[in-house]
Protein chains: 2
Amino acid sequence: METLTQAEENYLKAIFKITEKEGKSASTNAIAAVMNTSAASVTDMLKRLAGKHLLHYEKHRGVALSERGNELATNLVRKHRLWEVFLVKMLDFSWDQVHDIAEQLEHVQSEELVERLDAYLERPQFDPHGDPIPNAEGKMATRKQVLLSALAPGDAALLVGVQESTATFLQYLDRMRLSLGTGLRVKERFDYDGSMSILLNGNEEITISHKVCENLFVQKSK
Amino acid sequence: METLTQAEENYLKAIFKITEKEGKSASTNAIAAVMNTSAASVTDMLKRLAGKHLLHYEKHRGVALSERGNELATNLVRKHRLWEVFLVKMLDFSWDQVHDIAEQLEHVQSEELVERLDAYLERPQFDPHGDPIPNAEGKMATRKQVLLSALAPGDAALLVGVQESTATFLQYLDRMRLSLGTGLRVKERFDYDGSMSILLNGNEEITISHKVCENLFVQKSK
DNA sequence: ATAAATATTTAGACTTGCCTAAAAATAAAA
DNA sequence: TTTTATTTTTAGGCAAGTCTAAATATTTAT
């Protein structure tokens, strides 16, 4: 079992994140943006990771993770999300506080630890932000979720996830009394700016911007 | 709050460990032995840490931690021992498996995390090896403990700690059915080699070597 | 008290991961 | 299809942390 530095692991995760969204390969610049570093540093690291057969690299062509790179990246995501569950469920952190800590905990090297943590938490399927947690084999649950912005007036739904996990966005949601599991119904949609007024749990009514609607995943109630 | 690299933190802990035992200052060679590195590397790091005012350094004179260095080292010990408790109490690891994992976990930077972990574990005073856990102010409980080797035939005692925490020693203790909290009574002491035969919990009788006796801390029953 | 042994420091070099500036390749626009 | 803009790579350098070999200090032993 190859052992990677934390920097190497972070690059793998960044590439994983970029490619899982777009499907296609990750560009040097895109990686540099996510890693908050220079393109030159990225090129260095890509060569290094290619040398370890964790990704496929050809000059000027962008990169994609290899089978092995994908496994390792998935395991990192698994660890990150399990630790987030631990922090929220066991240590009572709020969902906007856990990212940075999990970012460190995910680098702890011990498969036994991950397995026991998973069992202790009763094999959760989703993290505090509604993101699916890969199991030990790398498989994760899927949900038929859509963006809140895709709902029409009258539609009822359950808030099941957030697209963005920045502390400021999550704190905004707290203030609006929006949390995972909250039931809602679209009352009105304003074509002018795409904002919506929605009813929470059948009573309270709030209005949220289009930007917010595009960062909330919901599951339509039949 | 200064942020240290893991290497810097590990040196602090090593110096802390050496000086707390002997009381006196730590020599370059002693540090190199604990850190499993060369004396030259140690000298480099000592200069670095002295520059950060974490220890007092004069060429060829050995080093001692400064006030601040001591605080940081104590906090590392606190984190290490709290994580060990977590691993054993919550995740059901055995006491011989937790050192290496705690060695990694102790570097996670978040005072909030330590505080919450401490509370979650109900502010334990001792870790799974019987070592005292410093509280947030750096104070730790003391116990009137002695080495088992200091007991005389007829003395009754409770096993409360181990001096050495290597996996092989701990596994040996498991095999002998010796664990923290075990009650024992010295039956006989053999002057020939310092070994002892002892009665466990009033029934089973075992014989252990002098070396083992010198690595077990006990509390005499009045 | 001097020689021999041991401990420590200096010097120089290597790797990892980062940087900036400049060169080269690719993509976009005229 | 050339020119222009953008992206990517190369080149050279820097800091942290490590190493070995050589120089210097200190301790121990004769």
Side-chain angles (χ1 to χ4, degrees), chain A residues 2-16 18-19 21-22 24-65 69 72-73 76 103-104 106-107 109, chain B residues 2-16 18-19 21-22 24-65 69 72-73 76 103-104 106-107 109:
Chain A
E2 59 273 66
T3 300
L4 304 184
T5 64
Q6 296 199 184
E8 288 169 335
E9 290 192 336
N10 287 334
Y11 272 96
L12 281 190
K13 244 189 26 165
I15 297 164
F16 180 84
I18 293 166
T19 53
K21 276 206 175 130
E22 311 298 317
K24 55 184 186 230
S25 70
S27 74
T28 302
N29 262 3
I31 299 167
V34 171
M35 296 294 296
N36 198 26
T37 187
S38 71
S41 300
V42 173
T43 300
D44 269 5
M45 184 56 91
L46 294 184
K47 288 177 180 169
R48 161 183 288 289
L49 293 173
K52 296 190 175 187
H53 306 105
L54 299 176
L55 48 79
H56 305 296
Y57 171 67
E58 275 178 284
K59 281 195 201 182
H60 299 102
R61 281 294 99 94
V63 294
L65 294 180
L72 292 175
L76 283 167
E103 203 74 14
Q104 299 178 65
E106 77 191 9
H107 295 297
Q109 308 272 326
Chain B
E2 60 272 66
T3 301
L4 304 185
T5 65
Q6 295 199 183
E8 289 169 336
E9 290 192 337
N10 286 334
Y11 272 96
L12 281 190
K13 245 190 25 165
I15 296 165
F16 180 85
I18 293 166
T19 53
K21 275 203 176 136
E22 311 297 317
K24 56 186 183 227
S25 70
S27 74
T28 303
N29 262 4
I31 299 168
V34 171
M35 295 294 297
N36 198 27
T37 187
S38 72
S41 300
V42 174
T43 299
D44 269 5
M45 184 57 91
L46 294 184
K47 288 177 179 170
R48 159 183 290 288
L49 292 173
K52 296 190 174 187
H53 307 103
L54 299 176
L55 48 79
H56 305 296
Y57 171 67
E58 275 178 285
K59 280 196 202 180
H60 298 103
R61 280 292 103 92
V63 294
L65 295 180
L72 293 175
L76 283 166
E103 203 74 14
Q104 299 179 65
E106 77 191 8
H107 295 296
Q109 308 271 327

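Letters A, B, ... mirror the listed sequences (proteins, then strands); counts begin at 1.
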As an exercise, state the distance from NE2 of B:His107 to CD of A:Gln104, rounded to the nearest 0.5 Å.
11.5 Å
Given atom NE2 of B:His60 and atom C1' of D:dT28, what is their separation to the nearest angstrom?
16 Å
Only one of B:Asn10, B:Leu54, B:Ile31 clears side chain to side chain contact (heavy atoms under 4.5 Å, CB included) with B:Ile15; which?
B:Ile31
Report yes if some heavy atom in the side chain of B:Thr43 is under 4.5 Å from a heavy atom in the side chain of B:Tyr57; otherwise report no.
yes
To the nearest 0.5 Å, what is the distance between CG on B:Leu4 and NZ on B:Lys52?
5.5 Å
Whole angstroms only, please: what is the CD-C1' distance between B:Glu8 and D:dA15?
12 Å
Can you see which heavy atom on A:Leu65 is nearest to which on A:Ala73, and at what distance?
CD1-CB, 4.0 Å
Reading DNA chain C in the 5' to 3' direction, which nucleotide is the first one with an atom under 4.0 Å from a heavy atom of chain B, and which is the last?
C:dA7 to C:dT10
Can you check the B:Glu9 CD to D:dG17 C1' distance for me, whole Å?
15 Å
Between B:Tyr11 and D:dA16, is there a contact of a side-chain N or O with OP1 or OP2 at under 4.0 Å?
no
Measuring to OP1 and OP2 of D:dT8, would you say a side-chain N or O of A:Asn29 lies under 4.0 angstrom away?
yes
Do the side chains of A:Glu9 and A:Leu72 get nearer than 4.5 Å, heavy atoms only?
no
The correct set of residues in residues 32-48 of chain A placing a heavy atom under 4.0 Å from DNA chain D is A:Ala39, A:Ala40, A:Thr43, A:Lys47
